[in-house]
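Here the structure is laid out as structure tokens; the discussion comes afterwards.
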Amino acid sequence: MTATFMKVPKFRATQWVSFIGGEGIVRSYTPESGTWTYLIEMALGLKPDFGRVGAETMILLTEADLHLTRIASEGELTLKRFEALYNLK
């Protein structure tokens with residue numbers, strides 16, 4: 001029997017992270033090929049003229065692509081979506 005050792009994940013669920021191209025919140029993570037892969041939910045921008053098509057705000061990134069920004073709460077994400085939707089900021 002062989003044992004496989006991996007580092008613990010650098011990021012956790014609900015942490016706010018940044019990457020080239022934007023920011024988002026870690027929704028889940030999974031080990032893959034010796035590293036961790038993260039499902040990131042990006043903050044919604046203004047609603048486009050053609051509408052939204054679903055999960056266009058989700059992206060899979062490896063640990064090397066991410067940087068910790070801050071810890072976010074569900075309330076913060078909801079507020080950001082509301083502000084963006086109604087152009088409040």
Side-chain angles (χ1 to χ4, degrees):
M1 178 164 65
T2 61
T4 303
F5 295 98
M6 281 189 62
K7 294 190 311 183
V8 295
K10 188 175 179 182
F11 306 103
R12 301 277 184 226
T14 72
Q15 280 187 310
W16 195 265
V17 293
S18 61
F19 50 91
I20 294 176
E23 293 185 324
I25 293 179
V26 175
R27 287 297 171 205
S28 64
Y29 49 93
T30 185
E32 189 172 307
S33 302
T35 187
W36 291 92
T37 301
Y38 296 83
L39 179 63
I40 308 298
E41 180 179 0
M42 296 173 64
L44 295 174
L46 297 175
K47 186 175 180 180
D49 294 336
F50 51 85
R52 302 225 186 266
V53 293
E56 74 269 10
T57 60
M58 297 289 205
I59 185 169
L60 282 172
L61 294 171
T62 63
E63 194 168 76
D65 297 325
L66 300 173
H67 303 281
L68 181 62
T69 303
R70 61 192 167 104
I71 298 175
S73 66
E74 282 294 325
E76 281 185 54
L77 185 59
T78 302
L79 179 61
K80 281 191 168 292
R81 287 179 176 164
F82 183 81
E83 289 171 345
L85 182 62
Y86 294 102
N87 200 18
L88 298 177
K89 266 195 169 178

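By convention here, the first residue in the shown sequence is residue 1. Everything numeric here is computed off the predicted structure, so don't read it as measured data.
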Nearest 0.5 Å, please: how far is [atom2] in [Y] from [atom1] in [X]?
X: E32; Y: L60; atom1: CD; atom2: CG; value: 8.0 Å
X: I59; Y: R27; atom1: CD1; atom2: CZ; value: 15.0 Å
X: E23; Y: M42; atom1: CD; atom2: CE; value: 9.0 Å

TODO: Under the ring-ring contact (aromatic ring centres under 6.0 Å, His included) rule, collect the residues that match up with Y29, sequence neighbours excluded.
DONE: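 Once residues adjacent in sequence are excluded, the partners of Y29 under the ring-ring contact (aromatic ring centres under 6.0 Å, His included) criterion are W36, Y38.
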TODO: For T35, check side chain to side chain contact (heavy atoms under 4.5 Å, CB included) against everything at least two apart and list the hits.
DONE: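 In terms of side chain to side chain contact (heavy atoms under 4.5 Å, CB included), with neighbours along the sequence ignored, T35 is linked to E63.
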TODO: Just jot down the side chain to side chain contact (heavy atoms under 4.5 Å, CB included) partners of S28, sequence neighbours excluded, or say none.
DONE: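 Checked S28 against side chain to side chain contact (heavy atoms under 4.5 Å, CB included); matches are L39.
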- [ ] State, to 0.1 Å, how close L68 and F11 come at their nearest heavy-atom pair, and which atoms those are.
- [x]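 Looking at all heavy atoms of both residues, the closest pair is N-CE2, 3.6 Å.
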Task: Shortest non-hydrogen contact from T14 toward I25 - done: CA-CG2, 3.6 Å
- [ ] State, with a plain yes or no, whether a side-chain heavy atom of V17 is found less than 4.5 Å away from one of L61.
- [x] no
